[in-house]
Amino acid sequence: MVDAIAAEPGGLVDHLGGRRLLVAELAAEVRDRRLLLTGRGLRIRLGGRSLRVPAAVAPGVALVERFDDERDRQHVSVTLTLPVIGTIYQYSGYFEYAVEPFGAAHTEGTPS
């Protein structure tokens with residue numbers, strides 16, 4: 001997944017995708033050594049314009065990230081929902097965290 005989270009006036013935003021056409025507005029909170037990110041809105045960038053997706057159809061996101069001392073790895077769980085439909089995607093798993101220079105991310109199938 002290609003994304004870049006940045007602090008902007010009003011809170012955190014996650015620029016999604018290689019062309020960063022989607023911009024998710026996020027509320028962040030730390031509770032019990034867990035990072036909680038909750039979606040507050042979604043914008044689509046078209047040309048030089050930024051269009052807000054109406055709340056009635058915008059997906060919701062809830063993410064919890066924490067460090068698991070026993071496994072010595074990060075754990076993340078994320079749920080995406082749509083109004084009226086409910087949960088459309090759910091993931092929970094472990095990973096090793098690393099900060100890499102822009103453009104250095106490994107592509108799928110490429111050995112680390």
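- Under the side chain to side chain contact (heavy atoms under 4.5 Å, CB included) test applied with Val23, the options Glu8, His15, Arg52 reduce to a single match, His15.
- Here the side chains of Arg31 and Leu36 are in contact, with some heavy-atom distance below 4.5 Å.
- Using a 4.5 Å cut-off between side-chain heavy atoms of Ile, Leu, Val, Met, Phe, Trp and Tyr, with links allowed through other members, Tyr91 and Leu63 fall into the same hydrophobic cluster.
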Worksheet item: Are Thr79 and Tyr89 close enough, and set up right, to give a side-chain contact (heavy atoms from CB on, under 4.5 Å), and what steps lead you there?
Response: CA-CA 6 Å; Thr79 302; Tyr89 178 79; over 6 Å; no
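- Residues Ala58 and Pro83 come closest through the heavy atom pair O-CD, 3.2 Å.
- The pair Arg43-Glu25 meets the salt-bridge criterion, since a charged nitrogen lies less than 4.0 angstrom from a carboxylate oxygen.
- Atom CD of Glu65 and atom CZ of Arg34 lie 11.5 Å apart (nearest 0.5 Å).
- Leu51 places a side-chain heavy atom less than 4.5 Å from the side chain of Leu46.
- Ionic pairing of Arg20 and Asp14 is not present here: no N-O contact between side-chain nitrogen and carboxylate oxygen is shorter than 4.0 angstrom.
- Residues Leu80 and Thr87 are not in side-chain contact: their nearest non-hydrogen atoms beyond the backbone lie 4.5 Å or more apart.
- Here Arg66 contributes atom CZ and Ser77 contributes atom OG; the two are 8.0 Å apart, rounded to the nearest 0.5 Å.
- At a threshold of 4.5 Å between non-hydrogen side-chain atoms, the residues Arg40 and Val13 do not count as touching.
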Worksheet item: Thr38 and Leu26: side-chain contact (heavy atoms from CB on, under 4.5 Å), yes or no, with the steps?
Response: CA-CA 5 Å; Thr38 306; Leu26 303 168; over 6 Å; no
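- We find the CG-CD distance between Leu35 and Glu29 to be 9.5 Å, quoted to the nearest 0.5 Å.
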Worksheet entry | Steps toward side-chain contact (heavy atoms from CB on, under 4.5 Å) verdict (Val78, Val61) | CA-CA 7 Å; Val78 63; Val61 62; 3.8 Å; yes
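- Note that Arg71 lies in the cation-pi zone of Tyr94, set by a 6.0 Å cut-off to the ring centre and a 45° limit from the axis.
- Under the 4.5 Å side-chain heavy-atom criterion for grouping Ile, Leu, Val, Met, Phe, Trp and Tyr, Val30 is not connected to Phe67 through any hydrophobic cluster.
- Residues Ala24 and Leu16 share a closest heavy-atom pair of CB-CD1, 4.2 Å.
- Atom CD1 of residue Ile88 and atom OG1 of residue Thr81 lie 7.5 Å apart, to the nearest 0.5 angstrom.
- Looking at Asp68 and Arg73, their side chains never come closer than 4.5 Å, going by heavy atoms from C-beta outward.
- Val57 and Leu42 fall within a single hydrophobic cluster, where Ile, Leu, Val, Met, Phe, Trp and Tyr are joined by side-chain heavy atoms under 4.5 Å apart, directly or via other members.
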